[in-house]
Amino acid sequence: MTIDDRLLVVIAGPTAVGKTSTAIALAQHFNTEIISADSRQFFREMSIGTAAPSMQELSLVKHHLVHHLSILDGYNVSRFETDALALMESLFHQHSVIIMVGGSGLYINAVCHGIDELPDPDPEIRRQLKEIFTTQGIAALQQELTLLDPEYAEKVDMSNPARLLRALEICRATGISYSTLRTNKPRHRNFRILKLGLELPRDVLYQRINNRVDAMMMAGLRDEALSLYPCRHLNALNTVGYKELFDYCEGLTSLDHAVEKIKIHSRRYAKRQLTWFKKDSEYTWFKPDEIDQIKIKVLA
RNA sequence: GGCGUCGUAGCUCAGCUGGUAGAGCAGAGGACUGAAAAUCCUUGUGUCACUGGUUCAAUUCCAGUCGAUGCCA
């Protein structure tokens, strides 16, 4: 089997654009399976709020990497890359086309182009750095980074604590500067990749987002969030649709206000996704209902 | 009907004793290598309700009109 016999079709796009049903239609047509690239649908406790595929949808096409983790499990892009590649290796034995669908751009990139091998985060180092951040502010992080990795300090967004924390945690853990470890070397993949983006006019997309949030509430999102409230500090739950309802649990907002916030935050999330995917010129863009055109593109 | 308060950016509102206006949110754009549905950056000209008046100059003072709201009848 050569590289030409293996094709990964990536279906990306903003939240609520209609990725799931398009992917299912495509997978049925090519009689193949779907790998999810959605950093929140991994978690089985989060079903309603992540708009995970329904039981009915799951029964139509075999899905992978959906609900395969607990929110208690630690997970990250690198592990996703490993898991997805291993999965594809086995799936390609039976299928020449595999569908990957999701909205997590970083995760999709990791599978398509690889991600540098860096040590897993050390909880203790991370804790120490966070403490510095909370007690001494971002300036302390900026200073240390300038000292340990002046090259990265030059180009990183120095006002973004997440970036600084991550770089420092690597510097501290390895004793080497983060930028020297960040080679950004493209990985060789033994399959072809076709990137398809789904989009809709902004006002239509926003209407779909609003409607879907209402539908989630009807489906019991409030109770799902309430049941996860004790775990609210887990990273997996730092997620649109949950954190707003945690505020409601704590009496910080009304339910209506929380729902309104979910809609707003979902729209902003969609915009960030579009910014991410749009700058990648490898994507060909379609409307979610242009199934026939998409099929032709895949066969081309 | 009388008296009072209010009418400023899509929304909520700031604008001290007159020199044509500014925040938050929304919206828009962008960044992004193990937190990524995360995290962060940039971005505010609008008949200051309308019509007159006073003034060198009015969003700001005065009168009237319209609208909103409260109290009294």
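Residue numbers start from 1 in every chain, and the chains themselves are labelled A, B, ... in the order their sequence lines are given, proteins ahead of strands.
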Applying a 4.0 Å non-hydrogen cut-off, can you work out what [X] is touching in the nucleic acid: base, sugar-phosphate, or nothing?
X	result
A:Y242	nothing
A:T50	base
A:L165	base
A:T15	nothing
A:T239	base
A:R272	base
A:G49	base
A:E260	nothing
A:F42	nothing
A:Y206	sugar-phosphate

Can you check the [X] [atom1] to [N] [atom2] distance for me, whole Å?
X	N	atom1	atom2	result
A:K271	B:rU42	NZ	C1'	12 Å
A:W276	B:rA31	CH2	C1'	10 Å
A:F133	B:rU39	CZ	P	11 Å
A:I138	B:rU39	CD1	P	13 Å
A:L141	B:rU39	CG	P	16 Å
A:R187	B:rU33	CZ	P	15 Å
A:Q41	B:rA38	CD	C1'	16 Å
A:L168	B:rU39	CG	P	19 Å

Work out how far the [atom1] atom of [N] is from that of [M], and round it to whole angstrom.
N	M	atom1	value
B:rC48	B:rA21	P	11 Å
B:rA68	B:rU12	P	15 Å
B:rU59	B:rU47	P	14 Å
B:rC32	B:rU42	C1'	15 Å
B:rG44	B:rA26	P	16 Å
B:rA9	B:rC25	C1'	12 Å
B:rU8	B:rC13	C1'	9 Å
B:rU54	B:rA63	P	15 Å

Modelled atom types, side-chain donor and acceptor of [X] and [Y], under 3.5 Å:
X	Y	value
A:T134	A:K130	no
A:S179	A:D149	yes
A:E244	A:Y248	no
A:S96	A:D5	no

Original post:
Start at the 5' end of RNA chain B and walk down; is the nucleotide closest to A:K278 or to A:A52 reached first?
Top reply: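 The residue closer to the strand's 5' end, by nearest nucleotide, is A:K278.
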
Subject >> Nearest-nucleotide 5' precedence on RNA chain B, A:N238 against A:E117 >> reply: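 By nearest-heavy-atom nucleotide position, the 5'-most residue is A:E117.
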
[options]: which one has an atom nearest the side-chain heavy atoms of [X]?
X	options	value
A:A162	B:rA38, B:rC41, B:rU39	B:rU39
A:P121	B:rA36, B:rA28, B:rG34	B:rG34
A:I115	B:rA38, B:rG34, B:rA36	B:rG34

Quick check on [N]: is either OP1 or OP2 less than 4.0 Å from any side-chain nitrogen or oxygen of [X]?
X	N	value
A:Y152	B:rC32	no
A:K243	B:rU39	yes
A:R268	B:rG27	yes
A:K279	B:rC32	yes
A:T275	B:rG30	yes
A:Y269	B:rA38	no
A:N109	B:rA36	no
A:K263	B:rA26	no

Subject >> Candidate list A:K19, A:K287, A:K278, test salt bridge (charged side-chain N to carboxylate O under 4.0 Å, His left out), partner A:E199, passing option >> reply: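 Of all the options given, the one that passes is A:K278.
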
**OP:** Indicate syn or anti for B:rG64, taking the glycosidic torsion and treating anything within 90° of 0 as syn.
**Re:**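 Anti for B:rG64; the angle lies over 90° from 0.
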
**OP:** Quickly, which of A:R212, A:R208, A:R272 forms a side-chain hydrogen bond (donor to acceptor under 3.5 Å, both in side chains) with A:T15? Name it, please.
**Re:**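 The residue from A:R212, A:R208, A:R272 that satisfies side-chain hydrogen bond (donor to acceptor under 3.5 Å, both in side chains) with A:T15 turns out to be A:R212.
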
Original post:
Can you list the stems that include RNA chain B, where a stem is three or more consecutive Watson-Crick or G-U pairs with distances under 3.5 Å?
Top reply: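 Correct response: B:1-7 with B:66-72, B:10-13 with B:22-25, B:27-31 with B:39-43, B:49-53 with B:61-65.
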
Subject >> Residues A:R172 and A:E144 bridged, charged N to O under 4.0 Å >> reply: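 Judged by the 4.0 Å cut-off on N to carboxylate O distance, A:R172 and A:E144 do form a salt bridge.
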
Subject >> Minimum side-chain heavy-atom gap A:E290-A:L198 below 4.5 Å >> reply: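 Counting from C-beta outward, A:E290 and A:L198 never come under 4.5 Å.
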
Original post:
Sequence neighbours excluded, which residues qualify as ring-ring contact (aromatic ring centres under 6.0 Å, His included) partners of A:Y206?
Top reply: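 For A:Y206, no residue satisfies ring-ring contact (aromatic ring centres under 6.0 Å, His included) once neighbours in sequence are set aside.
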
Original post:
More than 12 heavy atoms of other residues, nucleotides or ligands under 6.0 Å from NZ of A:K243: is that the case?
Top reply: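 More than 12 heavy atoms, drawn from other residues, nucleotides or ligands, come within 6.0 Å of this atom.
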
Original post:
Take atom CD in A:E154; do more than 12 heavy atoms of anything else shown fall under 6.0 Å from it?
Top reply: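 Check fails, neighbour count at 12 or below.
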
**OP:** Establish whether the base of B:rA35 is bridged to the side chain of A:R163 by a donor-acceptor pair shorter than 3.5 Å.
**Re:**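 Side chain to base: no pair present.
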
